Chemist: 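Take a look at this one; I'll ask things after.
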Amino acid sequence: LGTGSTIVVVTTEPRPDPAGRIHTFCHAAPQRWYQLGATLSAGLSLRWLRDRLRLTSSNPYAAMGTSAAKVAPGSDGLVFIPYLVGERSPIMEPEATGAFVGLKYSHRRAHLTRAVMEGVACSLRATRDAVVAAGGDCERWLAVGNGLSSPIWRSIVADVYDEPLHFVAAPERTAVGAALIGGIAAGTYGDYEEVAQVARPPLHTTEPDPERVRIYEDVYGRYSRLSKVLLEEGQEEVREGEVIWAVREEMAVTVEDVLSRRTRVLLLDARAAVEAAPRVAQLMAGERGHDEAWQREQVETFQTLAAGYLP
């Protein structure tokens, strides 16, 4: 858990997710693949809160963690949705937006901090569940990154997961892993088995607490409902007539580029997008000085690609 956060599960065969909630990549190791889900605003959410609260102590994150630990699980009903820069897993929605929901006069900075930590943990659980649903098998969860060096945040994630977290108490594990793989290529290590023996960092295990797990089941249920409502509300804002102006705001070079970056518009109303294509191309041509032949080419491309979303 760093600025963003990823969940990675190594597999012995490619296991793509038919629902498109996570990614599947080739591993550097032979005959290995991995499934990856990502939360974009993990540590970024806490940094955002730190900056908005103007916390300037020598170690603001430690102070935030200390204060959050004094707040009861559930943050007195405050829920944070961490879609500050859109979101990847499991919703794959670049236009998603975040929110604090349930804010009350009695809430203090510590409540906001704990709610952020809990919201990120809930986002990670949604991703974890998507990875498992797509066939990702995991015997134990290794936790790395500066975010999970925080005892309170690590405890919250373990409780939301209802799984032990085995924290790797060594810095920069991603860079170390890349260096070890490079060591195989350079001949320093013979193979991945040898590297596995070298790369045995110390582990600190954080166990879930049964009582907090029960509380967080309710918190996660509320988080899931609220994030779905927030996402649907954002999608409702896109209307037939807005597709043209959405294109103009994107300032894309071609209509195909618009399609790749604003697929949500087409998914909501592909037929309206097809009908709007001539006007879209005309607007774009006017802004860039293209001729009618260019417009016709873009309209054909747009309509061909969009037709794939029509029943």
Side-chain angles (χ1 to χ4, degrees), residues 1-7 39-85 98-125 128 141-174 201-220 222-223 226:
L1 194 160
T3 302
S5 188
T6 57
I7 293 176
T39 292
L40 293 178
S41 301
L44 180 65
S45 292
L46 198 63
R47 184 172 71 187
W48 171 84
L49 183 64
R50 178 204 68 182
D51 293 344
R52 296 307 177 273
L53 296 179
R54 299 185 179 182
L55 301 178
T56 58
S57 64
S58 59
N59 193 343
Y61 293 120
M64 294 172 81
T66 299
S67 66
K70 298 176 182 178
V71 175
S75 302
D76 191 21
L78 184 61
V79 176
F80 176 69
I81 311 297
Y83 301 160
L84 299 186
V85 290
F100 279 107
V101 181
L103 193 63
K104 297 184 290 188
Y105 182 78
S106 59
H107 287 137
R108 298 293 183 261
R109 288 181 176 183
H111 292 86
L112 298 176
T113 300
R114 183 162 190 129
V116 165
M117 291 179 171
E118 291 174 344
V120 170
C122 287
S123 177
L124 289 173
R125 172 171 165 177
R128 188 278 309 265
W141 295 98
L142 298 180
V144 300
N146 289 336
L148 293 175
S149 66
S150 163
I152 180 60
W153 210 346
R154 192 164 67 246
S155 175
I156 288 171
V157 174
D159 292 336
V160 171
Y161 271 34
D162 191 16
E163 301 243 26
L165 285 188
H166 305 282
F167 178 62
V168 180
E172 306 299 341
R173 298 312 296 173
T174 302
L203 301 177
H204 297 308
T205 301
T206 301
E207 297 284 349
D209 176 82
E211 179 60 24
R212 293 196 300 265
V213 166
R214 184 189 63 77
I215 294 172
Y216 279 126
E217 275 300 309
D218 293 337
V219 171
Y220 181 69
R222 188 163 180 241
Y223 168 91
L226 290 171

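The first residue of the sequence shown is numbered 1, and numbering continues consecutively from there. All values reported here derive from a predicted model rather than from experimental measurement.
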Chemist: Supply the atom-to-atom distance Leu1 CG to Thr39 OG1, rounded to the nearest 0.5 angstrom.
Modeler: 8.0 Å

Chemist: Can you check side chain to side chain contact (heavy atoms under 4.5 Å, CB included) on Arg109 and Leu55, steps first, answer last?
Modeler: CA-CA 10 Å; Arg109 288 181 176 183; Leu55 301 178; 3.3 Å; yes

Chemist: How about Leu124 and Tyr161: do any of their side-chain heavy atoms sit closer than 4.5 Å?
Modeler: yes

Chemist: Heavy atoms, side chains only, cut-off 4.5 Å: are Ser123 and Tyr223 in contact?
Modeler: yes

Chemist: So does Glu207 have more than 12 non-hydrogen atoms from other groups sitting under 6.0 Å from CD?
Modeler: yes

Chemist: With rounding to the nearest 0.5 Å, note down the distance linking CG in Leu46 to OG1 in Thr3.
Modeler: 11.0 Å

Chemist: Using ring pair (Phe, Tyr, Trp, His ring centres under 6.0 Å) as the criterion, list what pairs up with His107, not counting sequence neighbours.
Modeler: His111

Chemist: Should Pro73 and Tyr216 count as side-chain neighbours, where that means a heavy-atom distance under 4.5 Å?
Modeler: yes

Chemist: Taking atom CD1 of Ile156 and atom CG of Asp209, what is their separation to the nearest 0.5 Å?
Modeler: 12.5 Å

Chemist: Taking the side chain as every heavy atom from C-beta outward, state whether Thr205 and Leu165 have any atom pair closer than 4.5 Å.
Modeler: no

Chemist: Going by an N to O cut-off under 4.0 Å, is there a salt bridge joining Arg212 and Glu217?
Modeler: no

Chemist: Please list, chain by chain and in numerical order, all residues satisfying salt bridge (charged side-chain N to carboxylate O under 4.0 Å, His left out) with Asp76, sequence neighbours excluded.
Modeler: Lys104

Chemist: For the atom pair CD1 (Ile81) and OG (Ser41), what is the distance rounded to the nearest 0.5 Å?
Modeler: 12.5 Å

Chemist: Tell me yes or no: between the side chains of Ser155 and Thr206, is some donor less than 3.5 Å from an acceptor?
Modeler: no

Chemist: So how far is it from Thr113 OG1 to Glu118 CD, rounded to the nearest 0.5 Å?
Modeler: 11.0 Å

Chemist: With rounding to the nearest 0.5 angstrom, report the CZ to CG distance, Arg214 to Asp162.
Modeler: 13.0 Å

Chemist: Does some side-chain heavy atom of Trp141 sit less than 4.5 Å from a side-chain heavy atom of Ile7?
Modeler: yes

Chemist: For Tyr61 and Arg50, test the side chains for any donor-to-acceptor distance below 3.5 angstrom and give the result as yes or no.
Modeler: yes

Chemist: Flag the pair Val168 / Leu203 as yes when at least one side-chain heavy-atom distance between them is below 4.5 Å, and no otherwise.
Modeler: yes

Chemist: One pair to check against side chain to side chain contact (heavy atoms under 4.5 Å, CB included): Arg114 and Lys70. What are the steps and the verdict?
Modeler: CA-CA 9 Å; Arg114 183 162 190 129; Lys70 298 176 182 178; over 6 Å; no

Chemist: Does Arg154 qualify as a cation-pi partner of Phe167, given the criterion of NZ or CZ under 6.0 Å from the six-membered ring centre and within 45 degrees of its axis?
Modeler: yes

Chemist: Is any side-chain heavy atom of Val79 closer than 4.5 Å to one of Phe100?
Modeler: no

Chemist: For Arg52, does the CZ atom have more than 12 heavy-atom neighbours from other residues, nucleotides or ligands under 6.0 Å away?
Modeler: yes

